[in-house]
Number of protein chains: 2
Amino acid sequence: MRLVIARCSVDYTGRLNAHLPLATRLLVHKNDGSLLVHSDGGSYKPLNWMSPPCSLTREDPDEVDLEDGVIERWRVTHAKTGDALLVRIHEIVHDTAHDLGVDPGLIKDGVEADLQRLLAEQVSVVGENLTLVRREYPTAIGPVDLLLRNDDGPGTVAIEVKRRGDIDGVEQLTRYLELLNRDPLLAPVTGVFAAQEIKPQARVLATDRGIRCLTLDYDEMKGVQSGAPRLF
Amino acid sequence: MRLVIARCSVDYTGRLNAHLPLATRLLVHKNDGSLLVHSDGGSYKPLNWMSPPCSLTREDPDEVDLEDGVIERWRVTHAKTGDALLVRIHEIVHDTAHDLGVDPGLIKDGVEADLQRLLAEQVSVVGENLTLVRREYPTAIGPVDLLLRNDDGPGTVAIEVKRRGDIDGVEQLTRYLELLNRDPLLAPVTGVFAAQEIKPQARVLATDRGIRCLTLDYDEMKGVQSGAPRLF
DNA sequence: CTCTAGATCTCGAGG
DNA sequence: CCTCGAGGTCTAGAG
């Protein structure tokens with residue numbers, strides 16, 4: 001990894017065109033060829049960047065650049081799409097290289113998959129006399145998160161699990177319900193929209209379509225889960 | 001901006017929990033308090049991070065940490081959500097600080113808004129004998145990108161413009177059409193789904209609902225546009 | 001390989 | 001302040 005602090009301007013050409021006027025910025029050139037251009041603010045998204053696979057070549061400035069005070073140019077080209085980043089460097093303030101080695105990577109806990117797993121283990125949260133048929137129940141238009149069977153009679157419950165329940169999730173569940181209800185072995189299929197947080201618009205739409213909303217408490221559900229091994 | 005290369009482990013607690021085992025990484029501490037943890041690969045997304053507004057405090061390691069070889073700890077806490085990042089530093093390989101100043105920011109060209117503007121100026125691309133009523137035609141559930149009037153008779157055309165036409169866009173347009181067709185001054189309203197690239201599933205769904213798909217060529221449309229001033 | 005759906009999404013506009 | 005939609009989305013996982 002090479003770290004350069006430089007006064008530079010940047011032009012991107014690819015899926016769109018973008019231009020960064022001359023200013024002092026951090027350039028991170030990673031070992032895989034990728035380049036990040038960061039300012040001293042904003043969030044983790046760089047002002048401009050090139051993702052791997054790509055390669056960086058150093059160019060001499062042309063006459064116009066020389067008159068503007070450009071001392072060198074970096075051209076970073078994407079191997080497949082042809083997207084290109086051109087960095088015109090006017091001054092290098094700092095320049096160091098470091099060997100970091102391979103990173104062991106991130107371990108996560110609490111994403112949608114965890115919610116879905118917990119709810120599959122605790123179907124009583126959804127209602128009484130229900131049994132899990134399976135997680136990721138396959139259909140022609142994609143897998144339904146959870147499918148439950150009614151123990152007392154005919155009928156099935158399809159559940160869409162989200163961390164944040166938005167209008168898109170309701171649309172998704174609606175498409176599944178429409179399809180599943182054509183199957184005489186499953187019908188009638190009712191819908192449950194389960195999420196840690198459900199947006200008001202999503203709740204209105206769901207209710208209007210006869211879909212029940214269920215707010216989930218991840219920490220509580222994690223607490224109920226008995227002796228299973230924890231990640232940390 | 002402070003740049004540190006350090007052997008460290010990182011724990012995030014907030015909307016989820018995440019853990020990074022001990023390894024050598026780049027720590028970028030920005031002027032607004034935010035922190036990025038980067039490895040020497042992957043894309044522009046850091047392995048772990050904290051977004052502003054947040055603040056970093058240096059802590060002494062506890063006894064357990066000392067036995068593990070921790071020389072200092074950084075605790076980065078989000079001002080509002082309470083999300084926290086704890087960096088346990090075992091060794092500092094590099095440590096420099098730089099004054100970057102304020103960045104003038106990025107200038108873009110070719111995003112959805114540009115597509116929409118161009119199509120509004122070239123409604124003949126959609127079909128003959130059509131006139132633009134307005135862009136961003138307001139409805140109760142949000143603005144329709146473009147609304148056109150049929151010159152030869154009754155009826156209206158509602159257009160949803162996307163850079164990449166996905167299934168979500170078809171759903172969005174469907175909701176608009178349903179609503180607009182209740183208005184006797186506009187009905188019958190037909191739909192056109194216009195995008196630079198239309199995904200197969202989206203095309204199938206649109207066609208099934210009687211919505212016409214229209215693939216747009218941005219460069220060509222930009223070329224047609226006569227003497228208007230260009231960004232670069 | 002493609003395609004789908006989640007994300008500590010981020011970011012900006014509009015009410 | 002929140003909500004909504006776009007993004008050079010990125011990313012992981014399944015088919």
Side-chain angles (χ1 to χ4, degrees), chain A residues 10-18 34 37 41-52 54 76 78 80-85 105-106 108-116 136 138-145 160-169 171-172 195-196 199-202, chain B residues 10-19 34-37 42-52 54 76 78 80-85 105-106 108-116 136 138 141-143 145 160-169 171-172 195-197 199-202:
Chain A
V10 185
D11 284 277
Y12 165 74
T13 316
R15 277 158 286 189
L16 56 70
N17 299 311
S34 60
V37 182
S43 185
Y44 69 67
K45 192 178 178 183
L47 293 164
N48 228 324
W49 72 93
M50 188 60 69
S51 305
C54 63
V76 191
H78 195 276
K80 301 193 170 182
T81 62
D83 290 17
L85 206 61
L106 189 68
K108 289 186 183 185
D109 172 45
V111 291
E112 190 198 285
D114 300 305
L115 258 186
Q116 190 195 113
E136 304 288 348
T139 77
I141 55 172
V144 178
D145 286 343
E160 180 66 34
V161 180
K162 295 282 180 207
R163 215 171 50 76
R164 291 177 50 203
D166 224 324
I167 204 162
D168 289 357
E171 297 284 13
Q172 198 179 340
Q196 280 183 282
K199 290 293 175 70
Q201 272 208 345
Chain B
V10 185
D11 285 277
Y12 166 74
T13 316
R15 278 158 286 187
L16 56 69
N17 299 312
H19 174 71
S34 60
L35 185 77
L36 315 183
V37 182
S43 180
Y44 68 68
K45 191 178 178 184
L47 294 164
N48 226 325
W49 72 93
M50 186 61 68
S51 305
C54 63
V76 190
H78 194 275
K80 300 193 170 182
T81 62
D83 290 18
L85 206 60
L106 190 67
K108 289 187 183 183
D109 171 46
V111 292
E112 190 198 285
D114 299 306
L115 260 185
Q116 189 195 113
E136 303 288 350
I141 55 172
D145 286 343
E160 179 66 34
V161 180
K162 295 280 180 207
R163 218 172 48 77
R164 291 176 49 203
D166 225 324
I167 204 163
D168 290 356
E171 297 285 13
Q172 198 179 340
Q196 279 183 281
E197 179 200 352
K199 291 292 174 72
Q201 273 209 345

Participant: In whole angstrom, what separates Asn48(A)'s CG from dC11(C)'s C1'?
Facilitator: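 These atoms are roughly 15 Å apart.
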Participant: Quick one: are Lys162(B) and Gln172(B) in side-chain contact, heavy atoms under 4.5 Å?
Facilitator: yes
Participant: Please check the phosphate of dG8(D) (OP1 and OP2 only) for any side-chain N or O of Thr81(A) closer than 4.0 Å.
Facilitator: no
Participant: With rounding to the closest Å, how many angstrom separate the C1' atoms on dG8(D) and dG14(C)?
Facilitator: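 Their C1' atoms lie roughly 24 Å apart.
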Participant: Expressed as a whole number of angstroms, how long is the span from Lys162(B):NZ to dG7(D):C1'?
Facilitator: 11 Å
Participant: Rounded to whole angstrom units, what separation is found between the CG atom of Leu36(B) and the C1' atom of dC10(D)?
Facilitator: 16 Å
Participant: Tell me what Ser51(B) touches on the nucleic acid: a base, only sugar-phosphate, or nothing, going by heavy atoms under 4.0 Å.
Facilitator: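 Sugar-phosphate contact only - Ser51(B) comes under 4.0 Å of backbone atoms but never of a base.
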Participant: Atom NZ of Lys45(A) and atom C1' of dG8(D): how far apart are they, to the nearest Å?
Facilitator: 8 Å
Participant: Any side-chain heavy-atom pair from Val10(A) and Leu47(A) closer than 4.5 angstrom?
Facilitator: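 Counting from C-beta outward, Val10(A) and Leu47(A) never come under 4.5 Å.
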Participant: Does dG15(D) have a Watson-Crick or wobble partner in any strand here, with both distances under 3.5 angstrom, and which is it?
Facilitator: dC1(C)
Participant: Could you pick out which residue, Tyr44(B) or Gln172(B), lies toward the 5' side of DNA chain D when each is mapped onto its nearest nucleotide?
Facilitator: Gln172(B)
Participant: Do the non-hydrogen side-chain atoms of Arg15(A) and Asp83(A) ever get within less than 4.5 Å of each other?
Facilitator: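 Of all side-chain heavy-atom pairs linking Asp83(A) with Arg15(A), at least one is under 4.5 Å.
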Participant: Identify whether any heavy atom of Met50(A) sits under 4.0 Å from a base atom; if not, whether one sits that close to sugar-phosphate; answer base, sugar-phosphate or nothing.
Facilitator: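 Touches a base.
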Participant: With side chain to side chain contact (heavy atoms under 4.5 Å, CB included) as the test, pick out the partner of Cys54(A) among Leu85(A), Thr81(A), Val76(A).
Facilitator: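 By the side chain to side chain contact (heavy atoms under 4.5 Å, CB included) criterion, Cys54(A) pairs with just one of Leu85(A), Thr81(A), Val76(A): Val76(A).
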Participant: Just compare dG8(D), dC1(C), dT10(C) and give me whichever is closest to any side-chain atom of Lys80(A).
Facilitator: dC1(C)
Participant: Write down the distance between CD1 (Ile167(B)) and P (dG5(D)), rounded to a whole number of angstrom.
Facilitator: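 Result: 16 Å.
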Participant: If I take atom CZ in residue Arg164(B) and atom P in nucleotide dT2(C), what distance separates them, rounded to the nearest angstrom?
Facilitator: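 Those two atoms, CZ and P, are 13 Å apart.
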Participant: In whole angstrom, give the distance that lies between atom CD of Glu136(B) and atom C1' of dG12(C).
Facilitator: 14 Å
Participant: What does Tyr12(A) touch in the nucleic acid at a heavy-atom separation under 4.0 angstrom: a base, only the sugar-phosphate, or nothing?
Facilitator: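 Result for Tyr12(A) = base.
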Participant: Atom CZ of Arg15(A) to atom C1' of dG7(D): distance rounded to whole Å?
Facilitator: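 Value for this atom pair: 10 Å.
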Participant: Mapping Leu47(B) and Asp166(B) to their closest nucleotides on DNA chain C, which lands nearer the 5' end?
Facilitator: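 Nearer the 5' end of the strand: Asp166(B).
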Participant: Identify whether any heavy atom of Lys199(B) sits under 4.0 Å from a base atom; if not, whether one sits that close to sugar-phosphate; answer base, sugar-phosphate or nothing.
Facilitator: nothing
Participant: What nucleotide, of dA6(D), dC11(C), dT11(D), holds the atom closest to the side chain of Ser43(B)?
Facilitator: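 Per side-chain heavy atoms of Ser43(B), the pick is dT11(D).
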Participant: Just how far is it from atom CG of Asp114(A) to atom CG of Asp109(A), taken to the nearest 0.5 Å?
Facilitator: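 Going from CG on Asp114(A) over to CG on Asp109(A), the span is 5.0 Å.
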